[in-house]
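First the structure, in the form of structure tokens, and then the observations on it.
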Protein chains: 2
Amino acid sequence: MPIVWGMADDVFKALADPTRRHILDELTERDGQTLFEICARLVTKHGLGLSRQAISQHLAVLESAGLVHPRRQGRYKFHDLNTEPLECIVTRWLRPDAPGEHP
Amino acid sequence: MPIVWGMADDVFKALADPTRRHILDELTERDGQTLFEICARLVTKHGLGLSRQAISQHLAVLESAGLVHPRRQGRYKFHDLNTEPLECIVTRWLRPDAPGEHP
DNA sequence: TTGATAGGCAAGTCGTAACTTGCCTATCGT
DNA sequence: ACGATAGGCAAGTTACGACTTGCCTATCAA
């Protein structure tokens, strides 16, 4: 009877890190960026001075959580945002008696 | 120009731990539980064998994130769920052009 | 008032996540 | 073919989060 939230585990762990959330912000703004593009934009726009490998490992976490979909093309690897796992978790603790949605 | 997601930091960190998510599940099912009630129900319903202090610290994290609202009454301390911080973060990476597309 | 209940505070241990460093492979341009 | 670009793999270090242990305070019931 208890719903299995197994897949939500990776999603929440992926969202726990602020750098990964910045990466998702970047991909929301422009989809299909490469690793180096993301590195550059994190430095210039968010002031984050991280090594390339750090970003690569963060992207791996986001991929394993299903939040980022990699797409290889030659020597490039483009990263597409995938918000589907998010929609599964947002309604978890929202009560049916609480219609507090206001746009 | 960039929106400040400072308060979201605590929310995501609070949601990162599976035990804390179980606590939120419990409070969703029955609001206003005490620390000992939560301890007992986590053991019986979820099979989690944690000390009272562990749960207490988890509740402190949830409180500082604004997800749980404590309410003192005598020697009891009831915990109420507060989903307002959740509604602020769910729309962060949802694109305006993608209102629930289905591939 | 005494004992039991409900909870808090402060250290200390331990595992894991984040980040770095160094080296390696693959693809493209010329 | 060669060097430059884009990325991956595998260590090692470090810092933080989760959990425990021990003791303390506050409230209620007898």
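The chains referred to below are lettered A, B, ... by the order of the sequence lines, with proteins before strands, and numbering in each begins at 1. Computed over heavy atoms, backbone and side chain alike; hydrogens, waters and symmetry mates excluded.
- Across the protein-nucleic acid pair, B/L48 atom CG and D/dT20 atom P stand 11 Å apart, rounded to whole Å.
- Remark: the B/R52 side chain and the C/dG8 base include a donor-acceptor N/O pair separated by less than 3.5 Å.
- Screening A/T83, A/D25, A/N82 against B/W93 for a side-chain hydrogen bond (donor to acceptor under 3.5 Å, both in side chains) leaves a single residue, A/D25.
- Across the protein-nucleic acid pair, A/I55 atom CD1 and D/dC9 atom C1' stand 18 Å apart, rounded to whole Å.
- Rounded to whole Å, atom P of D/dT20 lies 9 Å from atom CD of B/Q57.
- Counting only heavy atoms from C-beta on, A/K77 has its side chain closest to D/dG7 among D/dG7, D/dC19, C/dT21.
- Looking at which nucleotide of DNA chain C each of B/F78 and A/G49 is closest to, the 5′-most match is held by B/F78.
- Comparing atom distances between the A/R75 side chain and each of D/dG8, C/dA6, C/dC28 picks out C/dC28 as nearest.
- Residue B/K13 contributes atom NZ, which lies 9 Å from atom P of D/dA18 at whole-angstrom precision.
- Note on B/E26 versus B/R21: no salt bridge recorded, every NZ/NE/NH1/NH2 to OD/OE distance being 4.0 Å or above.
- Atom OH in B/Y76 sits about 10 Å away from atom P in C/dT5, given to the nearest Å.
- Between the base of C/dG8 and the side chain of B/Q53 there is a donor-acceptor pair shorter than 3.5 Å.
- Remark: P of D/dG17 and CZ of B/R20 are 9 Å apart, rounded to the nearest angstrom.
- Atom CD of A/E84 sits in a sparse spot, with 12 or fewer heavy atoms from other residues, nucleotides or ligands closer than 6.0 Å.
- Tracing side-chain contacts under 4.5 Å through hydrophobic residues (I, L, V, M, F, W, Y), one never reaches B/Y76 starting from B/F36; they form parts of separate clusters.
- Between B/E29 and B/K45 a salt bridge is recorded (basic side-chain N to carboxylate O distance below 4.0 Å).
- The base of D/dT27 lies outside donor-acceptor range of the side chain of B/Q73, with no N or O pair under 3.5 Å.
- In this structure, A/T34 does not reach the D/dA6 phosphate: none of its side-chain N or O atoms is under 4.0 Å from OP1 or OP2.
- B/H58 has no side-chain polar atom (N or O) that falls below the 4.0 Å cut-off from OP1 or OP2 of D/dG17.
- Taking only side-chain nitrogens and oxygens, B/S56 comes nearer than 4.0 Å to OP1 or OP2 of C/dG8.
- Atom P of nucleotide C/dT27 and atom CG of A/L35 are separated by 17 Å, given to the nearest angstrom.
- The side chain of A/S51 contributes an N or O atom lying less than 4.0 Å from OP1 or OP2 of C/dT20.
- One can place CZ of A/R21 at 11 Å from P of C/dA18, the figure rounded to the nearest angstrom.
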